[in-house]
Amino acid sequence: MPFDYNKVKDILACPRCHAELVLDDAALVSVNPEFRLSYPIVDDIPRLLEEEALELSPENWAEVMQRHGRDAKSGLPVSSTSLPE
């Protein structure tokens with residue numbers, strides 16, 4: 001059975017920091033700017049092991065966040081970052 005991100009996105013979390021994960025090509029990427037971890041999906045199975053995670057550079061992580069409608073500095077959805085204080 002192929003991996004269906006939409007069915008599990010609400011329960012997926014980064015094993016290290018428990019942040020939300022976004023699907024980016026063949027990886028799940030943590031929205032936490034402090035860690036910037038990318039977990040591979042191999043043969044339709046997410047490999048949510050810290051040992052297999054790749055730490056993205058700040059620039060690469062920011063690009064992933066922008067592709068997914070998130071703030072390039074905080075990882076928050078863009079609509080959340082523009083709320084009045």
Side-chain angles (χ1 to χ4, degrees):
M1 173 189 299
F3 174 62
D4 188 346
Y5 172 76
N6 290 320
K7 284 188 177 181
V8 296
K9 68 181 181 181
D10 293 333
I11 60 171
L12 284 176
C14 175
R16 183 165 187 192
C17 64
H18 309 290
E20 184 179 347
L21 297 169
V22 295
L23 177 64
D24 191 61
D25 293 324
L28 293 168
V29 180
S30 173
V31 301
N32 185 327
E34 183 178 342
F35 297 110
R36 304 180 314 276
L37 295 175
S38 175
Y39 297 91
I41 299 173
V42 180
D43 296 329
D44 284 325
I45 300 170
R47 305 292 295 260
L48 297 176
L49 301 170
E50 284 187 63
E51 305 83 48
E52 295 189 28
L54 171 69
E55 185 175 355
L56 299 177
S57 70
E59 297 79 20
N60 287 345
W61 181 84
E63 289 173 11
V64 171
M65 293 302 108
Q66 288 178 333
R67 278 198 297 273
H68 294 281
R70 293 181 168 268
D71 181 73
K73 291 183 182 177
S74 68
L76 294 172
V78 172
S79 59
S80 296
T81 59
S82 59
L83 294 175
E85 294 181 25

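Residue indices begin at 1 and follow the sequence shown. Keep in mind the model is a prediction, meaning the values are calculated, not measured.
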Problem set entry | salt bridge (charged side-chain N to carboxylate O under 4.0 Å, His left out) involving E52 - partner list, sequence neighbours excluded | R47
For this session: Heavy atoms only: give me the nearest V22-Y5 pair and the separation to one decimal.
Result: CA-OH, 3.5 Å
Exercise. Pairs in or reaching into residues 29-40: which pass salt bridge (charged side-chain N to carboxylate O under 4.0 Å, His left out), with residues at least two apart or in two chains?
Worked result: R36-E55
Exercise. V8, L23: one ILVMFWY side-chain cluster at the under-4.5 Å cut-off?
Worked result: yes
Got a list of side-chain donor-acceptor pairs under 3.5 Å for residues 11-21, not counting sequence neighbours?
unit_1 : atom_1 : unit_2 : atom_2 : d
E20    : OE1    : R70    : NH2    : 3.0
E20    : OE2    : R70    : NH2    : 2.8

For this session: Say whether M65 and L76 are linked into one hydrophobic cluster, either directly or through other cluster members, by side-chain heavy-atom distances under 4.5 angstrom.
Result: no
Seminar exercise, completed: Residue set satisfying side chain to side chain contact (heavy atoms under 4.5 Å, CB included) with A62, at least two apart, ordered chain then number -> A72
For this session: Would you indicate whether D43, at its atom CG, is surrounded by more than 12 heavy atoms from other residues, nucleotides or ligands within a distance under 6.0 Å?
Result: no
Problem set entry | Closest approach of F3 to D44 (non-hydrogen atoms, all atoms of both residues) | CB-O, 3.2 Å
For this session: Can you see which heavy atom on W61 is nearest to which on P33, and at what distance?
Result: CH2-CB, 3.5 Å
Problem set entry | Listed once per pair and sorted, the salt bridge (charged side-chain N to carboxylate O under 4.0 Å, His left out) pairs that draw on residues 57-68, sequence neighbours left out | D24-R67
For this session: Side-chain contact test, heavy atoms from C-beta onward, threshold under 4.5 Å: evaluate it for P46 versus Y39 and give yes or no.
Result: no
Problem set entry | Non-hydrogen side-chain atoms of L37 and L54 separated by less than 4.5 Å | no
Exercise. Linking Ile, Leu, Val, Met, Phe, Trp and Tyr by side-chain heavy atoms under 4.5 Å, what else ends up with L49?
Worked result: none
Seminar exercise, completed: Nearest heavy-atom contact between D71 and V78 is N-CG2, 3.9 Å
